[in-house]
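Notes to accompany the following structure.
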Number of protein chains: 2
Amino acid sequence: MTMPKYKRLSPETRASELVQAGLQVLSRGGITAFTIENICKASGASRGLVGHYFGGKDGLLAACYGAAYAPLLESIAEDKAPLTLNGLIEELLSERHLRRDGMAIWLALWGEVAVNPVLQAEHLRHYRSYRTAIAQATARHFGRDAPAATDETLAAALIALLDGIWLEACIAPTEMDLGRARAAIEILLKGAAR
Amino acid sequence: MTMPKYKRLSPETRASELVQAGLQVLSRGGITAFTIENICKASGASRGLVGHYFGGKDGLLAACYGAAYAPLLESIAEDKAPLTLNGLIEELLSERHLRRDGMAIWLALWGEVAVNPVLQAEHLRHYRSYRTAIAQATARHFGRDAPAATDETLAAALIALLDGIWLEACIAPTEMDLGRARAAIEILLKGAAR
DNA sequence: ACCATTATTGGATGACCGTTCAACAAAGAA
DNA sequence: TTCTTTGTTGAACGGTCATCCAATAATGGT
């Protein structure tokens, strides 16, 4: 009986597993732990594969950034639910997004985006569609046909507020949990209805 | 004429210069650029001094984190101005805090705080006094003698909102400038007055 | 001018980094 | 079985990292 030295995976599967391992490493140790060695150990792959599938560490990081956005974009996808404002907020505060490991990924990535123009460009694309989706929800919520300038402002404010809540929940979990997050949004959103 | 090989500084001066250099490096290249070599080059010091004054890189990073908080704590210091809510907000949105380099420092640090318990403890101390100061301002703004639970919630919400605004202004400066930040806060704060 | 103090230097060291690539082997086809 | 394709391995490389510490030299007191 001969045990195979390794398992061959399809390129898509292997690439996906490397990305997932990259996200796991980011959430556990931040950007400084994002090394080829750590990632490959977490993925059960050998060091050479990162270069083979992503051209290098930066390529994998960009892929990880895109992958981090995926759950967010899914949550605001048109085909989902009716997308009322309240439903949208509840969804964004759900355990799917408020998990500590997921938030740590964002913190690790944001620090890199701040000094990496390539990632900034990628961020801008996603951010715009994200904000547009929220602006449409607020417009509907206030009975408008199409988003007005007010809705864009409100959407930008909401995104900033949510980002801040995720941030606090990650670096000071005792001070910001789901209950406080709901209360914070409610107290600020209460009077925006005009 | 013999030119001295180096200049002797007092321990306090030298330590302070290393911290400033550390902050500069963080703002320019994020946490991955926070290396002894980069810091000492920026500071005009030699590599050995970081170990001598801070015990190592981690010690310097902790000192930099404390130093990053300094401007924030100054802005909310009791002895300053009357600390009305509007004045406080205007101060926190002023050029002193909304500078891109200063915000990049926060982004670099947050990613590290998320995975470093020592920095988290330090954050908690500062965060609490920060929030208390804001809660007192909101209490006064709404004519209450002492901060109520509502004020703490509102303060936490405001801090999250401001953090989010700083974040967006840093990674997507075209989408979040001073004008939009003001508008975002106004639209959300308009109805919180109850 | 000399000495004691002490801030500072920078070479040495060992660990770890990302990348490259020739050799290898798993899996399917013939 | 044998061959071809192609996903995978891991040693080798040059570079950078943090840390240590013996040697050095700037400074102030005498």
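Lettering of chains follows the sequences in order, A, B, ..., and the numbering in each one begins at 1.
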May I have the distance from [X] (atom [atom1]) to [N] (atom [atom2]), rounded to whole angstrom?
X: A:L9; N: D:dT6; atom1: CG; atom2: C1'; answer: 13 Å
X: B:L49; N: C:dT9; atom1: CG; atom2: C1'; answer: 8 Å
X: B:K41; N: C:dG10; atom1: NZ; atom2: C1'; answer: 15 Å
X: A:I36; N: D:dT16; atom1: CD1; atom2: P; answer: 17 Å
X: B:L60; N: D:dA18; atom1: CG; atom2: P; answer: 11 Å
X: B:F54; N: D:dA18; atom1: CZ; atom2: C1'; answer: 16 Å
X: A:D58; N: C:dC17; atom1: CG; atom2: P; answer: 16 Å
X: A:R47; N: C:dC21; atom1: CZ; atom2: P; answer: 15 Å

Pair [X] + [Y], salt bridge at N-O below 4.0 Å:
X: A:R180; Y: A:E168; result: no
X: B:E37; Y: B:K41; result: no
X: B:R96; Y: B:E74; result: yes

Parallel, tilted or perpendicular: ring planes of B:Y69 versus B:H126, cut at 30 and 60 degrees: tilted
Of A:V113, A:L109, A:N116, the residue whose pairing with B:I171 passes side-chain contact (heavy atoms from CB on, under 4.5 Å): A:V113
Sugar-phosphate only, base, or nothing, as touched by A:S46 at under 4.0 Å among non-hydrogen atoms: base
Sugar-phosphate only, base, or nothing, as touched by B:G51 at under 4.0 Å among non-hydrogen atoms: nothing
From C:dG18, C:dT9, D:dT8, nucleotide with atom closest to A:T35 side chain: C:dG18
Closest listed nucleotide, where the reference is the side chain of B:A45 and the choices are C:dA7, C:dT9, D:dA11: C:dT9
Can you give me the N/O atom pairs linking the protein to nucleotides 24-28 of chain C at distances under 3.5 Å, or say none if there are none?
unit_1 : atom_1 : unit_2 : atom_2 : d
C:dA26 : OP1    : A:K5   : N      : 2.8
C:dA26 : N3     : A:R8   : NH1    : 2.2

Check: B:Y65 ring centre within less than 6.0 Å of B:W110 ring centre: no
Between CD on residue A:E91 and OG1 on residue A:T84, distance to nearest 0.5 Å: 11.0 Å
Beyond-backbone contact of A:D163 with B:D163, side-chain heavy atoms, under 4.5 angstrom: no
Interface residues of residues 11-23 of chain B with DNA chain D (non-hydrogen, below 4.0 angstrom): none
Donor-acceptor under 3.5 Å (B:D101 side chain, B:S27 main chain): no
